[in-house]
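Read the numbers this way: they start at 1 and go in the same order the structure lists the ligands and their atoms.
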Amino acid sequence: MNITLRQLKVFSSVARNHSFTRAAEELCLTQPAVSMQVKQLEHQLDVSLFEQLGKKIYLTEAGEEVFHYSRQIYSQLDEMETVLNNLKGLGRGRLRISVASTANYFIPNLLGIFSQRFPGVVISLDVTNRETLLKQLAENETDLVIMGQPPEGVDLEAGIFMENPLVIVAPPDHPLANEKNIPLKKLEDEVFLVREQGSGTRSSTERFFEQHNIHMTTGMEAGSNEAIKQGVQAKLGLGLLSQDTIEMELTLGRLTILDVAEFPILRHWYVMHREGKRLSVVAQAFKDFLLTEVSELEGKRHTPSAA
Ligand code: PGA
């Protein structure tokens with residue numbers, strides 16, 4: 001076999017973008033140049049990598065396999081670069097971090113503090129859903145992942161650095177807004193706006209209601225915390241959200257947290273990576289920053305009963 005890294009790079013870009021045109025744009029090449037590289041790769045491997053159905057292109061089974069291995073090869077090359085940078089004592093480079101969408105409400109702030117200490121570091125932040133995070137962990141595609149609950153069945157090193165209380169939010173003039181210690185059963189009369197399937201917030205709230213034998217009526221499903229907040233303000237129903245997402249609305253008096261018995265649901269934020277992964281100096285420093293400084297600050301912010 002005589003394939004080149006360049007062929008793999010071009011192929012991966014087409015596979016990721018599901019398009020020869022977009023791959024050409026991404027790589028600053030012409031489309032014929034992209035097609036040529038893919039053709040040569042197919043020739044070397046003696047398989048078809050893509051198939052065209054209508055206007056769309058899809059990976060063949062062989063294409064999926066090649067895509068899988070090319071991701072691993074690039075992740076190994078990144079790791080090699082990191083190890084060499086560490087050997088050279090640079091302590092700089094790139095921090096690749098992938099976070100669940102809800103973590104986007106606090107992570108940029110923490111990255112800001114961190115990057116003041118490492119001004120030479122280039123940060124690449126991917127905000128995505130839990131399913132993609134699990135894939136990135138499995139494929140070792142990122143330095144660190146931040147999400148609400150480490151997945152089972154993957155060998156990981158995961159540490160808690162912050163609390164993630166889930167609360168029920170309502171418009172300030174909601175009939176339950178001034179009630180204290182609202183019984184859970186009363187929630188069966190309400191309609192809820194919930195996050196999409198695959199969201200960590202969604203699965204923990206469903207688990208919680210199931211454990212407490214409460215039937216939850218779903219009025220709207222939305223793929224973002226912002227859409228839920230807007231829906232609650234528009235009186236479409238109550239929202240189930242991480243408290244981290246509503247700081248501004250609480251301050252501006254646009255939303256309120258209902259005082260419901262058994263709430264908040266106590267969750268945590270974890271920082272994690274594959275077990276045995278060789279972290280760069282920068283990734284290790286960011287992990288340490290979360291697990292020591294941030295976790296200490298958070299300990300002071302929350303009440304002992306919420307620990
Ligand atoms: P989200 O939260 O997936 O609901 O954004 C992250 C998590 O809880 O893992």
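- Around the CD atom of Q72, the shell of radius 6.0 Å holds more than 12 heavy atoms that belong to other residues, nucleotides or ligands.
- Residues forming a ring-ring contact (aromatic ring centres under 6.0 Å, His included) with F263 (at least two apart in sequence, or on another chain): F208.
- The side-chain hydrogen bond (donor to acceptor under 3.5 Å, both in side chains) check on K9 picks up nothing, with sequence neighbours excluded.
- For the side-chain hydrogen bond (donor to acceptor under 3.5 Å, both in side chains) condition, the pairs that include at least one residue of residues 193-209, sequence neighbours left out, are S101-R195, T102-R195, R195-N225, R202-E206, R202-E221, S204-R267.
- Summarising the geometry, atom CG belonging to L258 is positioned 6.0 Å from atom CG belonging to L238; distances are rounded to the nearest 0.5 Å.
- A donor-acceptor distance shorter than 3.5 angstrom exists from the side chain of Q7 to the backbone of T4, with no hydrogens or angles considered.
- Each of A100, S101, T102, R130, M147, G148, R195, S199, G200, T201, R267, W269 has a non-hydrogen atom positioned under 4.0 Å from some atom of ligand 1.
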